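Please read all numbers here as calculations on a predicted model, not as lab measurements. Hydrogens, waters and symmetry mates are skipped; everything else that's a heavy atom, side chains included, is used.
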Amino acid sequence: ILFFPLFGAVLLLPGFASHRFGLVVAGAILTGIGAGIFVLLNQQFNLTLNQRLGLMFAAYSLGFLIIWLVSLIWKLQYVAWWGLIPGGILSGLGATFWYTEARFIDFVLFVMVGLGLALLAWGVFEHLFGLIIPGSLVLGVGIGNYLAWGTGIEQNALSQTGIMLVCFGLGFALIILFSRVITPHFVWWPIIPGAVLAVVGWGLYLGGNPGGAASFIGNTGSVALIILGLYLLLLRREIRR
C-alpha cells in the first residue's frame, strides 16, 4: 500500500527540481491515488468505512489540485484549470462520505456544488462566459434538488418541485452576477428564464403549501436581493475604474 505514494513522490521530486510539468502531473495523480489507497486499506486508522472512503476521495482530489496549483505558481503559459474539474468532483464525493449518510441526494448536492464551483472559478479567472453559465446552473440545480428532496422535511410534490424551480431560477441570477466580473456590459437574457422559473416555482409552492408560501417567498426573495446587492457592488467598482 506504500508503493503508489512512494512512486508518486519519486516522480514529483525531480519534476519540482527540473520544472518538468509532465512529471508533476504524473507524480501528483499517483501520489493522490496512493495516499487514498493507503488510507482505505490501513487498519491502524480508527475510522468507519465511510470516513475512509471520504479521505480516499479527498486524497484523489488533492492530486489534481496540486497540478492546478503548481501550474498557477509556476506561471505557465497555460494554467491547468482543468484540474479543478476532477478535483471539485472528487472533493464533493469525499465530503459526501465524510459528512453525510451517503444518500443519493447527498451525492447530488456535494458533487454538483463541487463541479459548479470549479466551473465558476475557471470561467471567472479565465474570462470564459461559456463556463460561467453551466457553473451557475449546476449550483442552482444541485442546491435546489437537495432543498426540495434531501432535507427530510415533509413536503408534497408540488411544493418540492416549486423549491427546485426557484433555486434553478436563482442559478440564472448567478449568471448575471458573475458575468459582471468579466464584462462591463449588462447581460440581460438570463432574466427571462430565471424570472419564468421563479414565478412558476412560487406558484407551485403556493399551490402545494399555502401556509408556508409567505415565508418561502420571503426567504428566496432575500437571496435574490443579496445577489442584486453583490451585483451593484461590482457595478460600483466598475464605475470607479
Side-chain angles (χ1 to χ4, degrees), residues 48-58 60-61 84-121 123 131-178 190-228 230:
T48 65
L49 177 60
N50 276 6
Q51 290 175 331
R52 292 174 185 274
L53 290 172
L55 288 178
M56 181 187 72
F57 284 113
Y60 290 174
S61 70
L84 292 179
I85 304 299
I89 294 173
L90 291 170
S91 297
L93 288 173
T96 303
F97 281 109
W98 184 267
Y99 290 109
T100 70
E101 300 175 358
R103 302 172 301 169
F104 175 75
I105 196 66
D106 297 324
F107 285 101
V108 171
L109 172 66
F110 283 97
V111 171
M112 295 190 78
V113 167
L115 176 60
L117 292 176
L119 290 171
L120 279 176
L131 293 177
I132 289 177
I133 295 173
S136 301
L137 297 182
V138 166
L139 273 180
V141 171
I143 295 173
N145 277 281
Y146 183 81
L147 292 178
W149 289 282
T151 57
I153 301 174
E154 290 295 331
Q155 301 276 3
N156 57 46
L158 279 179
S159 58
Q160 289 173 325
T161 306
I163 293 172
M164 188 270 291
L165 289 179
V166 171
C167 292
F168 192 16
L170 291 175
F172 282 95
L174 291 178
I175 297 175
I176 302 174
L177 173 63
F178 288 104
I191 295 177
I192 298 175
V196 170
L197 288 169
V199 171
V200 173
W202 284 330
L204 290 175
Y205 193 93
L206 179 62
N209 185 14
S215 61
F216 175 71
I217 293 174
N219 292 334
T220 53
S222 299
V223 175
L225 288 176
I226 291 173
I227 295 175
L228 176 61
L230 293 174

(request) Determine, step by step, whether Ser159 and Asn156 satisfy the side chain to side chain donor-acceptor pair (under 3.5 Å) criterion, reporting the C-alpha distance in whole Å, the side-chain angles of both residues, the deciding distance to 0.1 Å, and the verdict. (result) CA-CA 6 Å; Ser159 58; Asn156 57 46; 3.1 Å; yes
Would you be so kind as to tabulate the donor-acceptor pairs closer than 3.5 Å made by side chains of residues 199-211, with sequence neighbours excluded?
residue	atom	partner	partner atom	Å
Trp202	NE1	Thr220	OG1	2.9
Tyr205	OH	Asn209	ND2	3.1

(message) Within this structure, what is the CD1-CD1 distance for the pair Ile89 and Ile85, rounded to the nearest 0.5 Å?
(response) 6.5 Å
(request) Keeping to residues at least two apart or across chains, list the salt bridge (Lys or Arg N to Asp or Glu O under 4.0 Å) pairs with something in residues 88-104. (result) Arg103-Asp106
(message) Looking at every heavy atom in both Gly123 and Leu131, which two are closest together, and how far apart are they?
(response) CA-CB, 3.9 Å
(message) Using every non-hydrogen atom in the two residues, find where Ile227 and Ala173 come nearest and quote the distance to one decimal.
(response) CG2-O, 3.9 Å
(request) Fit a plane to each ring of Phe97 and Phe107, take the angle between them on a 0 to 90° scale, and name the class: parallel (under 30°), tilted (30 to 60°) or perpendicular (over 60°). (result) perpendicular
(request) Output the distance between atom CZ (Arg52) and atom CZ (Phe57), rounded to the nearest 0.5 Å. (result) 14.5 Å
Cut-off 3.5 Å, no hydrogens considered: what does the side-chain donor-acceptor table look like for residues 133-148, sequence neighbours left out?
residue	atom	partner	partner atom	Å
Ser136	OG	Ile132	O	2.9
Asn145	ND2	Val141	O	2.7

(request) Applying side chain to side chain contact (heavy atoms under 4.5 Å, CB included), name anything that partners Pro190, two or more places apart in sequence or on another chain. (result) Phe172, Ile175, Ile176, Val187
Return a table of donor-acceptor pairs under 3.5 angstrom between the side chains of residues 162-169 and protein atoms on other chains or two or more places apart.
none

(request) Any pair with a residue in residues 134-151 that passes salt bridge (Lys or Arg N to Asp or Glu O under 4.0 Å), sequence neighbours left out, goes on the list, sorted by first then second residue, please. (result) none
(message) As an exercise, state the distance from OG1 of Thr100 to CG of Asn50, rounded to the nearest 0.5 Å.
(response) 7.5 Å
(message) Restricting to non-hydrogen atoms, name the atom on Ala95 and the atom on Phe110 that form the minimum distance, rounded to 0.1 Å.
(response) CB-CD2, 3.6 Å
(message) side-chain contact (heavy atoms from CB on, under 4.5 Å), that's the test. Do Leu115 and Leu119 meet it? Break it down for me.
(response) CA-CA 6 Å; Leu115 176 60; Leu119 290 171; 4.1 Å; yes
(request) Enter the distance from Leu230:CG to Leu174:CG here, rounded to the nearest 0.5 Å. (result) 9.5 Å
